Amino acid sequence: MAKGEGAESGSAAGLLPTSILQASERPVQVKEPKKKQQLSICNKLCYAVGGAPYQLTGCALGFFLQIYLLDVAKVEPLPASVILFVGRAWDAFTDPLVGFCISKSSWTRLGRLMPWIIFSTPLAIIAYFLIWYVPDFPSGTESSHGFLWYLLFYCLFETLVTCFHVPYSALTMFISTEQSERDSATAYRMTVEVLGTVIGTAIQGQIVGQAKAPCLQDQNGSVVVSEVANRTQSTASLKDTQHAYLLAAGIIASIYVLCAVILILGVREQRELYESQQAESMPFFQGLRLVMGHGPYVKLIAGFLFTSLAFMLVEGNFALFCTYTLDFRNEFQNLLLAIMLSATFTIPIWQWFLTRFGKKTAVYIGISSAVPFLILVALMERNLIVTYVVAVAAGVSVAAAFLLPWSMLPDVIDDFHLKHPHSPGTEPIFFSFYVFFTKFASGVSLGVSTLSLDFAKYQRQGCSQPEQVKFTLKMLVTMAPIILILLGLLLFKLYPIDEEKRRQNKKALQALREEASSSGCSDTDSTELASIL
């Protein structure tokens, strides 16, 4: 349509005097080559910092919420499993819901995504702080009242952090039109996100680790939970632990706000030319049908669904596994720190690897590298040095699991835009439903994990656990993740976008953008000629 209008304008211009014609055509004749759109290091860093809040809070909740509910908030294992499952399931449900609302949002002076980030931040930090607050419930009602309290604020926080994270994830497609720049910004983002997990682990782990949760012995000398013996000493120790969790929550909430401010001030959304020519976004359910019918997307999320579930099982049960199965009660926070530091330092290596050898190759090597170390953990006896070596090696695989999904999703979206060029506003659907499936699987994993511990007769506030609890934790941290990783890697064999396909898509998209730019110029020329006439 725009080309036709430009051609008609050119024909009409032939009726003008020569002097007017030359003046009007001069801007059209001078056509400079399109420069590659590059992001500065400052832009990339400001964008990357925005990923830290989600990882800071997610790391603290993922590693510590289960043991906090059981041993500090004194919630029974069955209600705790319901909190963990319903909270994650609700979190998963809110992702497509927020994606739907964003797809209906109009562009503002701040963009289409930034307003969501701005308004959700202050409410999210309040809800996060209240998750780690233990109200003074009447004696004997801690479990029932605590169940309602933690379920409410856990679901509320997950809703608000989704209002931050879904638009932030979709922002990847709006910081640049260049694949290489988006990949580079994604590498920056993953490095900062893993660094965020390191900071979250260090803050939560070290502060909470200094305050030992109470565990009591009975008069026979065996270590068991006792809510009546040594009540005064236990209450004082428990209060110290509760205050430590609150202090860690306050520090993490402060960093959350700081990172959000840097993101808001340092990043500007850029709208695609071919999208800006569309009158309005595609209806949500029509876009959802197209997205879920896009083969590469379905295969990608299916593969990462299993691999993500594997790492979430390890994350959710790692603190209990180190505390009770390996009997490293005073070391688990340091082991977590070793894993995350290793992941932080290897993110740039994986970024180089995927640009050199391809993303599918990086998936196979990076994620499968965790398998031998999980087997070693399952078979070895208690050994602290070996455990640290395994933790550092596991961080290498964690880095790949962090980086690759977010690096590959933009490739799928580019492929989708080539097949459906007139489908603007679908980017939040891609990101929100990917997160939906992974979070729902995470909720299932945490719910099943805590329920399994209940069946194994987990003892709250126990310094030791029965052998069946230790065995259950070992299976949840080693064998179950291994099976899930292998299933995920088999599904990745079906993923069709390799490096050759990416290069073809890049050329086709560049042609589409140049065509849209040319159409925009033709429309502008027509307006100028009409004003001259």
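We number each residue from 1, following the sequence as shown. What you see is a predicted model; the values in this text were computed from it and never measured.
- Side-chain contact between Leu335 and Phe328: present, with at least one pair of heavy atoms (C-beta onward) separated by less than 4.5 Å.
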Check against side-chain contact (heavy atoms from CB on, under 4.5 Å), Tyr458 and Thr472 = CA-CA 10 Å; Tyr458 177 87; Thr472 301; over 6 Å; no

Given Ser169 and Arg189, is the side-chain contact (heavy atoms from CB on, under 4.5 Å) satisfied, shown in steps?
-> CA-CA 10 Å; Ser169 300; Arg189 171 191 168 186; 3.7 Å; yes

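- Not one N or O on the side chain of Lys299 forms a donor-acceptor pair closer than 3.5 Å with the backbone of Leu491.
- Classified by interplanar angle (parallel below 30°, tilted 30° to 60°, perpendicular above 60°), the ring pair Phe304/Phe492 is perpendicular.
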Could you check Tyr297 against Phe416 for ring-ring contact (aromatic ring centres under 6.0 Å, His included), going step by step and ending with a plain yes or no?
-> CA-CA 9 Å; Tyr297 178 66; Phe416 176 84; 8.7 Å; no

Does the side-chain hydrogen bond (donor to acceptor under 3.5 Å, both in side chains) test come out yes or no for Asp414 and Asn505, once each step is laid out?
-> CA-CA 7 Å; Asp414 286 342; Asn505 287 350; over 6 Å; no

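- Counting only heavy atoms from C-beta outward, the side chains of Val75 and Leu70 never approach each other to under 4.5 Å.
- The side-chain heavy atoms of Ile125 and Phe157, taken from C-beta on, include no pair separated by under 4.5 Å.
- Using a 4.0 Å cut-off between charged side-chain N and carboxylate O, Lys360 and Asp498 make no salt bridge.
- The shortest non-hydrogen separation linking Ser342 to Val392 is OG-O, 2.5 Å.
- For the side-chain contact (heavy atoms from CB on, under 4.5 Å) with Ile255, the qualifying choice from Ile251, Val257, Leu258 is Ile251, the only one to do so.
- Side-chain atoms of Trp350 and Val396, non-hydrogen and from C-beta on, do get closer than 4.5 Å to each other.
- To the nearest 0.5 angstrom, Ile83 atom CD1 is 11.5 Å from Gln66 atom CD.
- The only option from Thr387, Val386, Val314, Thr478 that meets the side-chain contact (heavy atoms from CB on, under 4.5 Å) definition with Val377 turns out to be Thr478.
- Judged by distance alone, the side chains of Thr159 and Asp91 never bring a donor and an acceptor atom under 3.5 Å apart.
- Although no hydrogens or angles enter the test, the distance criterion places a donor-acceptor pair under 3.5 Å between the side chain of Thr346 and the main chain of Ala343.
- Considering SG of Cys59 and CD1 of Ile252, their distance stands at 7.5 Å, rounded to 0.5 Å.
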Kindly indicate, with the supporting measurements, whether the criterion side-chain contact (heavy atoms from CB on, under 4.5 Å) is fulfilled by Lys493 and Tyr364.
-> CA-CA 9 Å; Lys493 294 289 290 183; Tyr364 293 132; 3.3 Å; yes

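- Between Tyr47 and Tyr168, the ring centre distance stays below 6.0 Å.
- More than 12 heavy atoms of other shown residues, nucleotides or ligands fall within 6.0 angstrom of atom CG in Leu379.
- In this structure the side chain of Trp149 reaches within 4.5 angstrom of the side chain of Leu130, judged on heavy atoms.
- Here the CG atom belonging to Leu473 is positioned 6.0 Å from the CG atom belonging to Asn317, to the nearest 0.5 angstrom.
- Contact record, Leu354 with Leu404: CD2-CD2, 3.9 Å, taken as the closest heavy-atom pair.
- By the 4.0 Å N-to-carboxylate-O rule, Arg503 lies too far from Glu499 to be salt-bridged with it.
- Atom CG of residue Asp454 and atom OG of residue Ser81 lie 7.0 Å apart, to the nearest 0.5 angstrom.
- When atom types are taken as modelled, the side chain of Ser254 and the backbone of Gly250 share a donor-acceptor pair closer than 3.5 angstrom.
- For the 3.5 Å distance criterion, the side chains of Glu331 and Tyr388 qualify, holding a donor opposite an acceptor.
- Distance alone, capped at 3.5 Å, places no donor-acceptor pair between the Tyr54 side chain and the Val161 backbone.
- Taking the six-membered ring wherever Trp is involved, the centroid distance between the rings of Phe353 and Phe357 falls below 6.0 Å.
- Counting heavy atoms from C-beta on, the side chains of Pro466 and Phe471 never come closer than 4.5 Å.
- Using the six-membered ring where Trp is involved, Tyr245 and Trp132 have ring planes that are parallel, under 30° apart on the 30 and 60° scheme.
- Between Thr307 and Leu484, the closest side-chain pair of non-hydrogen atoms is not below 4.5 Å.
- Rounding to the nearest 0.5 Å places CD1 of Ile131 at 7.0 Å from CG of Leu65.
- Between Ala456 and Gln468, the closest heavy-atom pair is O-CG, 3.1 Å.
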Please report the C-alpha distance between Val412 and Tyr495 in whole Å, then the side-chain angles of each, then the deciding distance to 0.1 Å, and finally whether the side-chain contact (heavy atoms from CB on, under 4.5 Å) criterion is met.
-> CA-CA 10 Å; Val412 172; Tyr495 180 67; 3.5 Å; yes

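- Between Phe318 and Phe321, the ring-plane angle classifies as tilted under the 30° and 60° cut-offs.
- Here the straight-line distance linking atom CG of Leu313 with atom OG of Ser308 works out to 11.5 Å at 0.5 Å rounding.
- Ring centroid separation for the pair Phe164 and Tyr256 comes in under the 6.0 Å cut-off.
- Nearest heavy atom pair, residue Leu374 against residue Val477, reads CD2-O, 3.5 Å.
- Between Arg88 and Tyr154 the shortest side-chain heavy-atom distance falls below 4.5 Å.
- Of all heavy-atom pairs spanning Lys474 and Thr325, the tightest one is CE-CG2, 4.2 Å.
- In this structure, Ala52 and Val192 approach most closely via the heavy-atom pair CB-CG1, 4.1 Å.
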